[in-house]
There are 2 protein chains.
Amino acid sequence: MTTPGEQMQADVLAILRRRNVALSAYKVLEALRDAHPKIAPPAVYRALSSLTSKGQAHRVESLKAYVACQSKVHASASILSICESCGYVEEHLAGEVVEAVSHVVAETGFSSQHHVIEVHGICAACNARMPAPEGVGAGGSPQ
Amino acid sequence: MTTPGEQMQADVLAILRRRNVALSAYKVLEALRDAHPKIAPPAVYRALSSLTSKGQAHRVESLKAYVACQSKVHASASILSICESCGYVEEHLAGEVVEAVSHVVAETGFSSQHHVIEVHGICAACNARMPAPEGVGAGGSPQ
DNA sequence: CAGGAGTATGTTACATTATAACATTACACA
DNA sequence: TGTGTAATGTTATAATGTAACATACTCCTG
Ligand SMILES: [Zn+2]
Ligand SMILES: [Zn+2]
Ligand SMILES: [Zn+2]
Ligand SMILES: [Zn+2]
């Protein structure tokens, strides 16, 4: 018998790492059914909660979904860029931006604890794939 | 000059404006029952969708809730600061921060369209109310 | 080893948030 | 008046997330 909790977290993290696309908790659950046929939502949420609290995964608030952390050191918060066309999510170091945000809100006496910085737009690959600025339906194959 | 859900949107906006605290769509729905006894979720979501698309209200992604816009002009995106103690939400101009975020993600060829910038922490009033750094239960009266 | 506290995991049921799909109404205008 | 379109109402359900309790397992203590 392998240690259950660690195994679950490792399996969830492996699923999230397959592609840099955000997965909903229930998509993760489906993907887990291979290894854990009887799995139920609380187990997935517990694993995701552990992973996110350790910084090994992040919840993409504006997508209600989760991605694996892409940062090696993960200093402070990060910026997540989300491609509206292919779903690709990329993590960017945000040290200076976090400083700037904290500074802005500090002007009204607010003390910052946790930052959520997400950007929706079009990734480099999709920009290259559809250079036309004219109304083009979003349908590129995911990266 | 009867734009879509004019009355409904006005009622929703009035509810959101009562206090600068984020309300879930279902809290809004409850508050609407006075004026609209038979209201159902889709009507609320339609009104919220219209208001947010016009910039008169914002969805607080990290709270799954909604606030009235506090900006007069609402140039570009804004920063929402969210007090973990009293729930007070404040909107801040974010022009330079949006620039900085866009610049960071542009380094990988990402073109920004929509920004989500939210900060959790403690507001000035709650900081003043609980100066002790020792374990104090959060229970201040909302602003 | 027995008992038991404490933790981790499994299970059930439910709460909350959001939308799909279709019915009905209101109104503009031929 | 009919008829098309947009708005609104209604029903049902999907999607996301948690509370609450059951079970198991772990590590002491005696
Ligand atoms: Zn990370
Ligand atoms: Zn893309
Ligand atoms: Zn605003
Ligand atoms: Zn406060």
Side-chain angles (χ1 to χ4, degrees), chain A residues 1-13 15-16 21-54 56-67 80 82 84 87 89 114 116 118 120, chain B residues 1-13 15-16 21-54 56-67 80 82 84 87 89 114 116 118 120:
Chain A
M1 257 327 203
T2 49
T3 49
E6 289 172 10
Q7 188 60 56
M8 184 68 71
Q9 289 181 37
D11 290 351
V12 169
L13 196 51
I15 287 163
L16 291 179
V21 167
L23 294 177
S24 77
Y26 279 73
K27 292 286 185 190
V28 173
L29 187 150
E30 281 179 31
L32 281 170
R33 285 213 190 281
D34 296 336
H36 305 262
K38 299 285 189 184
I39 193 161
V44 179
Y45 280 100
R46 287 201 265 245
L48 286 170
S49 178
S50 298
L51 291 171
T52 54
S53 71
K54 286 187 287 188
Q56 299 186 274
H58 304 298
R59 182 188 146 98
V60 187
E61 300 287 348
S62 53
L63 294 180
K64 302 188 257 291
Y66 304 82
V67 287
L80 297 179
I82 303 145
E84 302 266 351
V89 176
H114 175 232
V116 175
E118 302 175 3
H120 290 247
Chain B
M1 189 58 185
T2 37
T3 40
E6 203 175 53
Q7 188 59 54
M8 184 66 72
Q9 290 180 40
D11 291 350
V12 169
L13 196 51
I15 288 163
L16 292 179
V21 168
L23 295 177
S24 76
Y26 279 73
K27 293 286 186 191
V28 173
L29 187 150
E30 281 178 31
L32 279 170
R33 287 213 189 280
D34 296 335
H36 305 262
K38 299 284 188 184
I39 194 160
V44 179
Y45 281 100
R46 281 170 186 149
L48 287 170
S49 177
S50 297
L51 290 171
T52 54
S53 70
K54 287 186 287 188
Q56 299 187 274
H58 303 298
R59 181 186 146 95
V60 187
E61 299 288 348
S62 54
L63 295 179
K64 300 187 260 289
Y66 304 82
V67 287
L80 296 179
I82 303 146
E84 302 266 350
V89 175
H114 175 234
V116 175
E118 301 175 4
H120 290 248

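No hydrogens, no waters, no symmetry mates; every other heavy atom, side chains included, goes into these values. For clarity, every value in this text was computed on a predicted model and none was experimentally measured. So that the names make sense, note that chain A is the first sequence line, chain B the second, and so on, each numbered from 1.
We find that NE2 of H36(B) is positioned 13 Å from P of dT10(D), with the value rounded to whole Å. One interatomic measurement links the two molecules: CD of E61(A) to P of dT16(D), which rounds to 14 Å at whole-angstrom precision. Going from atom CG of L23(A) over to atom P of dA15(D) covers 15 Å, rounded to whole Å. Whole-Å rounding puts the Q7(B) CD to dT25(C) C1' distance at 17 Å. Between the C1' atom of dT8(D) and the CD atom of E6(B) lies a distance of 14 Å, rounded to the nearest Å. Between the CG atom of L29(B) and the C1' atom of dT8(D) there is a distance of 15 Å, rounded to whole Å. Distance M8(A) CE to dT11(C) P: 10 Å, rounded to the nearest Å.
Ring geometry for H114(B) versus H120(A): interplanar angle of 30 to 60°, hence tilted.
For dA18(C), its base sits under 3.5 Å from the side chain of Y26(B) at one donor and acceptor pair at least.
L13(B) has its side chain within reach of Q56(B): a pair of non-hydrogen atoms, C-beta onward, lies under 4.5 Å apart.
Here the CD1-CD distance, from I82(B) to E118(B), works out to 4.5 Å after rounding to the nearest 0.5 Å. To the nearest 0.5 Å, atoms CZ (R33(B)) and NZ (K38(B)) are separated by 9.5 Å.
Comparing R59(B) and K38(A) against DNA chain C, the residue whose closest nucleotide sits nearer the 5' end is K38(A). DNA chain D is contacted by both I39(B) and L63(A); I39(B) maps to the nucleotide lying nearer its 5′ end (nearest heavy atom per residue). Comparing K64(B) and A40(B) by the nucleotide of DNA chain D that holds the closest heavy atom to each, the one mapping nearer the 5' end is A40(B).
For DNA chain D, the residues of residues 42-52 of chain A within the heavy-atom distance limit of 4.0 Å (strictly under) are P42(A), Y45(A), sorted by number.
In terms of heavy-atom proximity, Y66(A) sits nearest to S24(A) at CD1-C, 4.3 Å. Listed here is the closest heavy atom pair of I39(B) and A43(B): CG1-CB, 3.8 Å.
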Evaluate the criterion side-chain contact (heavy atoms from CB on, under 4.5 Å) for residue pair R46(A) and M8(A); output intermediate values, then yes/no.
-> CA-CA 9 Å; R46(A) 287 201 265 245; M8(A) 184 68 71; over 6 Å; no

